[in-house]
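Along the sequence shown, residues are numbered consecutively beginning with 1. Just so you know, these numbers come straight off a predicted model, no measurement behind them.
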Amino acid sequence: MTVALSADEALVLSDGLELLQRTDLGSLVDDPAVWAPIHRIATTLDTGLPDPFAPDYARRLEAARGRL
């Protein structure tokens, strides 16, 4: 399966998945089988996006949110 995302969608989704994984929102998903693809998608986004490592990441993220 292939999912195509724009750069803005990928950046916002990456940030959202990171939030989901590190907060209590994660308690909403108690099935390990669901977490497997979530982690895979998050890892793919993290390794494919240069933006999370940019010094102006917060500005880029807000700009992407605004365009969506």
Q.
Ignoring hydrogens, what is the shortest heavy-atom contact between Val12 and Ala64? Give both atom names and the distance.
A.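 Between these two residues, the closest heavy atoms are CG2-CB, 4.0 Å.
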Closest non-hydrogen contact found for Leu49 with Ala10 is CD1-O, 3.6 Å
Audit row: Leu11, Arg65, side-chain contact (heavy atoms from CB on, under 4.5 Å) steps and yes/no | CA-CA 9 Å; Leu11 183 58; Arg65 285 184 172 138; over 6 Å; no
> Does Thr43 reach the main-chain N or O of His39 with its side chain, forming a donor-acceptor pair under 3.5 Å?
Replying inline: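 At least one qualifying donor-acceptor pair exists.
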Expected output: side-chain Glu9 to main-chain Ser6 donor-acceptor under 3.5 Å
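Side chain of Glu9 to backbone of Ser6: a pair is present.
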Spacing of [X] atom [atom1] and [Y] atom [atom2] [to the nearest 0.5 Å]:
X	Y	atom1	atom2	result
Ser14	Leu19	OG	CG	11.5 Å
Leu17	Arg40	CG	CZ	14.5 Å
Leu68	Asp8	CG	CG	5.0 Å
Asp46	Glu18	CG	CD	6.5 Å
Asp15	Leu20	CG	CG	11.5 Å

